[in-house]
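Data block below; observations after.
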Amino acid sequence: MRRTHTCGALRAEHDGLSVTLLGWVNRARDLGGLVFVDLRDRTGMIQVVMDAAADTIVGADALRSEWVVRIEGRVRLRPVEQRSARLATGDVEVEATVLTVLSEADTPPFPVDGSVDAADVNEELRLKHRYLDLRRPEAMAPLLLRHRVIKAIWEFLDREDFVQVETPLLTRSTPEGARDFLVPARARPGHVYALPQSPQLFKQMLMMAGVERYFQIARCFRDEDLRADRQPDFTQLDIEMSFVDQDDVLELNERLMHHVVRAATGTEISLPFARLPYRDAMDRYGSDKPDVRFGLELAVLDDVFAASAFNAFRAPLDAGGAVRGLVLRAPHAGAVSRKTIEELEAHAKQHGAKGLAWVRRAGDAFSGPISKFLGDGEMVALAALAPDEGDLILFVADRWSVACTALGAVRTHLRSLLDLPIAPGHAFLWVTDFPLLDRDEASGGWTYMHHPFTRPEDDDLPLLERDPGAVRAVAYDLVLNGHEIGGGSLRIHRLDVQRRMFAALGMDDAEARERFGFFLEALRFGAPPHGGIAWGLDRLVMLLAGARSLREVIAFPKNQRGVDPLTDAPASANRAQLDELGLTVRERVS
RNA sequence: GGAGCCGUAGUGUAGCGGUUAGCAUAUCUGCCUGUCACGCAGAAGGUCGCGGGUUCGAAUCCCGUCGGCUCCGCCA
């Protein structure tokens, strides 16, 4: 059975060598007495020539795509005029002496031989037969990249004295704020395990255990609706360090990322990464994970309209909100018609804006529905932003976060609409200085922005009770090309602070003890100051691979409804299983 | 929970009120010794996602439904 070479390895230097190859028939070309087969394995393809009349070669004319065969033969140089630049092995071919069919194969449900671009094949069908899909080198490549990324992570962190520790998958509900996946416990009727949304509390307790530097490639589970960059089970690189401040964590992560990108892709990224405070990210880009590879920054127009006669702008400002503008200069502004503005407005509205106002420079003044409301001072200020005929300014006035994010959504949409160039390379960015708490729309109280173990800035501690919204967190997100690929913080390591945090979240002592008693207990016994980060590994690999969705970098991904098209999970449980767990299924009433 | 886009031979698509539902490719049969998306000749292959409606007539228009994708909500 053993092969002497892989298909992709053969070169002119192997001329004359006797070889044994194993692989799949990518395509067979039967010329009658002569049969050519492109033999494929993970490493590549090689052309095999078979004389159909030879005694030792039986059934060459019957070979079909995706059959698995063993070839014994001799490597030889192809005639000069017949060398193929398309294949890495194109200078040579293997003249078969023995053909063994190891497996026949049905005609595949979609082409896997590279004759059709996979992006053109229905994704559901590809996922249903993912083992076939992955035979295509372009489909396999992200998995190989992912392997190199993880290997590089291990190399680097091991060298930096980190210890890999595994944490349980069957555990207790963790406080990340998402819906849990629950697993009924047979031995404890009425009780459930929860699958971890992250190893957060375990890694903190590992710090309390004195591990000091921990990491794990950790599976995490969140039962929320999916997106192109969200799967219900996903992988984090989880890191936690003791006796560190924020710069220690960021600096280590930058060096780690540098090593990973170099080892996995061969490209150099420049250090250190830019840092952008959350407030600035929102003001300038309308996003807490801005894509900074193109301009089109938002303009802060609060001062311009502070005393405006235009109520739709001034009223939000009076209520503590904001007015943001997006200026489109001459060459691009001309491409944006009223119809396009309507499309952009739909986008802004989807992100919470009530509308998208606009003015266009016309001579010394402005045209557009709201131009008649502009006062002299406003005209002067806007004219400076839009000096040329036809220049366009789009506005959203609303609550600060809505004004920023709605116009931020317009910004990214405009980029693709106008096909504005994107700076090449990887745009890594730290977003820092997040608020600790955020208004909870539902309850009217406060909720955590990161998670309830995030350390407040020491200077802001007194504000925790007086003015919770003003407390800054020592928290940071890592952003790459407009995607959040990591997030972390320093953690609370003092019991009294943790209790005040819970109180600020409206959680009384009884509830805190019920949910996190074991953790509060742990905080009593000498917890080191610590902090860390978690990388969204799937997302990082997706971006490094240039893939469009997470599904391309996961071997067996789920679709948008959380269904695995291959296994058709989730499946119904049978009666005996339910009985054993003490469960009954209620018919859905609605 | 909401919005948008998409469902036509195995696959990719055309057709947008009257077609024998077209094309390419794959498949099957025959021929073929230098192909490489081999070529040539022929054949078979369709519940136009499903249900209802409008119409003399529906793949085509309308409503519903199921499925897929993208986005909002949600997810630090």
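Note that the coordinates shown come from a computational prediction; the quantities given were computed from them, not determined experimentally. Chain A is the first sequence line, chain B the second, and so forth, proteins listed ahead of strands; every chain is numbered from 1.
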Margin query: What's the gap between B/U65 and B/A26 when it is taken at their P atoms, as a whole Å value?
Written below: 41 Å
Margin query: For a quick check of understanding: with a heavy-atom distance under 4.0 Å over all strands, which category does A/Gly177 fall into, base, sugar-phosphate or nothing?
Written below: sugar-phosphate
Note to self: In this structure, how many angstroms lie between the P atom of B/C75 and the NE2 atom of A/His451, rounded?
What the structure shows: 15 Å
Next item on the list: Calculate the interatomic distance between A/Asp120 atom CG and B/U11 atom P; express it in whole Å.
Entry: 14 Å
Next item on the list: Rounded to whole angstrom, note down the P distance from B/C48 over to B/C61.
Entry: 16 Å
Notebook entry, point to check: Mind checking the C1' distance from B/G30 to B/C23? Whole angstroms is fine.
Noted result: 24 Å
Notebook entry, point to check: Looking at A/Asp233 and A/Arg219, does any basic side-chain N land under 4.0 Å from a carboxylate oxygen?
Noted result: yes
Margin query: Under 3.5 Å, is there any donor-acceptor pair linking the side chain of A/Glu93 to the base of B/G34?
Written below: yes
Checklist line | A/Gln231 CD - B/C69 C1' separation (whole Å) | finding: 13 Å
Checklist line | Integer-rounded Å distance: B/U70 C1' and A/His483 NE2 | finding: 13 Å
Margin query: Check for me whether A/Arg411 meets the cation-pi criterion with A/Phe294, that is, NZ or CZ under 6.0 Å from the six-membered ring centre and within 45 degrees of the ring axis.
Written below: yes
Check: A/Phe36 on top of B/U35's base, within under 5.5 Å and under 30°?
Finding: yes
Checklist line | Pairwise 5' ranking along RNA chain B for A/Gln200 and A/Val563, keeping only the more 5' one | finding: A/Val563
Check: Does A/Phe516 have its ring centroid less than 6.0 Å away from the ring centroid of A/Phe453?
Finding: yes
Item checked: Atom-to-atom span, CG of A/Leu31 to P of B/U33 - whole angstrom -> 8 Å
Check: Paired with B/A59: which nucleotide, if any, by Watson-Crick or G-U wobble criteria at under 3.5 Å for both distances?
Finding: none
Note to self: Under 3.5 Å for both donor-acceptor distances, Watson-Crick or wobble: does B/G64 have a partner, and if so which one?
What the structure shows: B/C50
Check: Taking the side chain of A/Asp30 as its heavy atoms from C-beta onward, which of B/C38, B/C32, B/G68 lies nearest to it?
Finding: B/C32
Notebook entry, point to check: Any side-chain N or O of A/Arg27 under 4.0 Å from OP1/OP2 of B/C38?
Noted result: yes
Margin query: I'd like to know if A/Arg76 reaches the base of B/G34 with its side chain, counting only an N/O donor and acceptor under 3.5 Å.
Written below: yes
Next item on the list: Grab the CG-P distance between A/Leu125 and B/A9 for me, whole Å please.
Entry: 12 Å
Notebook entry, point to check: Among B/C75, B/G67, B/U35, which is the nearest nucleotide to the side chain of A/Gln82?
Noted result: B/U35
Check: Using the P atom in both, what is the distance from B/C38 to B/G4, to the nearest Å?
Finding: 44 Å
Next item on the list: Establish, with yes or no, whether the OP1 or OP2 oxygen of B/C38 is under 4.0 angstrom from a side-chain nitrogen or oxygen of A/Arg29.
Entry: yes
Check: When all nucleic acid strands are considered with a 4.0 Å heavy-atom cut-off, which category describes A/His351: base, sugar-phosphate, or nothing?
Finding: sugar-phosphate
Note to self: Between C1' on B/C28 and CG on A/Asp61, what's the gap in Å once rounded to a whole number?
What the structure shows: 14 Å
Note to self: Can you tell me if A/Arg227 touches the phosphate of B/C75, counting only side-chain N or O atoms and a distance under 4.0 Å to OP1 or OP2?
What the structure shows: no
Check: Any ion pair linking A/Arg29 and A/Asp38 (charged N to carboxylate O, less than 4.0 Å)?
Finding: yes
Next item on the list: Using a 4.0 Å heavy-atom cut-off across all strands, classify A/Arg551 as base, sugar-phosphate, or nothing.
Entry: sugar-phosphate
Check: Taking the same atom, P, in B/C16 and in B/G10, what whole-Å distance lies between them?
Finding: 23 Å
Note to self: In whole Å, measure the gap between the P atoms of B/G22 and B/U35 for me.
What the structure shows: 35 Å
Checklist line | Donor-acceptor pair under 3.5 Å, A/Arg78 side chain vs B/C36 base | finding: yes
Margin query: Categorize A/Gln560 for me: base, sugar-phosphate, or nothing, with a 4.0 angstrom heavy-atom threshold over every strand shown.
Written below: base
Check: Rounded to the nearest 0.5 Å, how far apart are CD of A/Glu224 and CZ of A/Arg222?
Finding: 9.5 Å
Notebook entry, point to check: Could a donor-acceptor pair under 3.5 angstrom be found where the side chain of A/Asn122 meets the base of B/G7?
Noted result: no
Notebook entry, point to check: Reckon A/Val121 touches a base, only the sugar-phosphate, or nothing at all at heavy-atom distances under 4.0 Å?
Noted result: sugar-phosphate
Margin query: Nearest 0.5 angstrom please: A/Leu201 CG to A/Arg491 CZ, how far?
Written below: 10.0 Å
Check: Can you find a donor-acceptor N/O pair under 3.5 angstrom joining the side chain of A/Arg230 to the base of B/C75?
Finding: yes
Checklist line | Any strand: nucleotide that pairs with B/A37 via Watson-Crick or wobble, under 3.5 Å | finding: none
Item checked: Options B/A26, B/A3, B/C36, nucleotide nearest the side-chain atoms of A/Thr107 -> B/A26
Item checked: Complement of B/G42, any strand, by Watson-Crick or G-U distances under 3.5 angstrom -> B/C28
Next item on the list: Side chain of A/Arg64 only, please: which of B/U29, B/G68, B/A37 is the nearest?
Entry: B/U29
Notebook entry, point to check: Residues in salt bridge (Lys or Arg N to Asp or Glu O under 4.0 Å) with A/Glu66, at least two apart?
Noted result: A/Arg40, A/Arg135
Notebook entry, point to check: B/C75, B/U35, B/C28: which one has an atom nearest the side-chain heavy atoms of A/Gln47?
Noted result: B/U35
Checklist line | Basic-acidic side-chain contact under 4.0 Å: A/Asp398, A/Lys354 | finding: yes
Notebook entry, point to check: Taking for each residue the nucleotide of RNA chain B with the nearest heavy atom, is it A/Arg539 or A/Asn559 whose nucleotide lies nearer the 5' end?
Noted result: A/Asn559
Next item on the list: Taking atom C1' in both B/U19 and B/C62, compute the distance separating them and give it to the nearest angstrom.
Entry: 24 Å
Check: B/A3 P sits how many Å from A/His413 NE2, rounded?
Finding: 19 Å
Next item on the list: Just call it for A/Asp225: base, sugar-phosphate, or nothing, with non-hydrogen atoms closer than 4.0 Å on any strand.
Entry: base
Check: Angle class for the A/Phe273/A/Phe428 ring planes (parallel below 30°, perpendicular above 60°, tilted otherwise)?
Finding: parallel
Check: Which one is paired to B/A3, where only Watson-Crick or G-U wobble pairs with both distances under 3.5 angstrom count?
Finding: B/U70
Note to self: Measuring only the P atom in each nucleotide, how far is B/C31 from B/G46? A whole number of Å is fine.
What the structure shows: 28 Å
